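One structure is given here, and the rest of the page talks about it.
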Amino acid sequence: MVMRIRLSRFGCKNKPFYRVMAADSRSPRDGKHIEVLGYYNPLPGQDGQKRMGLNFDRVKYWLSVGAQPSDPVQRVLFRAGLLPPPPMMAMGRKGGPRDTHFVDPMTGRVLTPGKLSSSEDSENPNIDDAEIVDTPTTS
């Protein structure tokens, strides 16, 4: 049984509100869940910010036992500081195949196999043997 951390939609038409749930991967989006881990409101509030509330201890627990976050939840957890940034792939050209080079999400530079500089090595311990190359990506 594969566990997923995903969003379950609540709210009215044109006013979405999501709960962050730990659920079985085979259950439907708004169906049976194991535990509610928090909420995410994508609509800006009075101060113009998106609202998000997470139970960090429970999210860390579910990640430690092997639960896989969905792509939107992965972005929410990255904003909360619980996960590293998701890897991004460089596009060769629009509609074309993706290159095999990874892009650093913070700087937008292409990462190629090699060695990191000393400052980059301390910031990205998960990237093994990568070198930043200043090649512009086509858009």
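Predicted model only: the values in this text are computed from it and were never measured.
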Taking every heavy atom of Pro84 against every heavy atom of Phe78, the minimum-distance pair comes out as C-CD1, 3.9 Å

Which atom of Pro16 lies closest to which atom of Pro42, heavy atoms considered: O-CD, 3.7 Å

Assess, by modelled atom type and distance only, whether the side chains of Arg6 and Ser27 contain a donor and an acceptor separated by less than 3.5 Å. yes

With a 4.5 Å heavy-atom cut-off, do Leu83 and Leu63 have their side chains touching? yes

From OG (Ser70) to CG (Leu7), nearest 0.5 Å: 5.5 Å

Inter-residue atom distance Met52.CE - Tyr39.OH, 0.5 Å rounding: 9.0 Å

Side-chain heavy-atom pair Leu54, Val20 within 4.5 angstrom cut-off: yes

Evaluate the side-chain proximity of Leu37 to Met21: yes if any heavy-atom separation is below 4.5 Å, no if none is. no

Rounded distance [0.5 Å steps], CE in Met3 versus CD1 in Ile34: 4.5 Å

Which atoms form the tightest heavy-atom contact between Pro69 and Gln74, and what is the distance? CB-N, 4.2 Å

Would Phe10 and Val36 show up in the same hydrophobic cluster when neighbours are defined by side-chain heavy atoms closer than 4.5 Å? yes

Decide whether a cation-pi geometry holds between Arg9 and Phe17; the criteria are a distance under 6.0 Å from NZ or CZ to the six-membered ring centre and an angle within 45° of the ring axis. no

Geometric cation-pi criterion Arg58 and Tyr61, 6.0 Å radius, 45° cone: yes

Measure the spacing between CG of Asn41 and OH of Tyr18 and express it to the nearest 0.5 Å. 10.0 Å

Minimal heavy-atom distance between Ile5 and Val59, with the atoms involved, is CD1-O, 4.5 Å

Would you check if Arg4 and Asp24 make a side-chain contact, meaning some heavy-atom pair closer than 4.5 Å? no

Is the shortest heavy-atom distance from the side chain of Tyr40 to the side chain of Arg51 under 4.5 Å? no

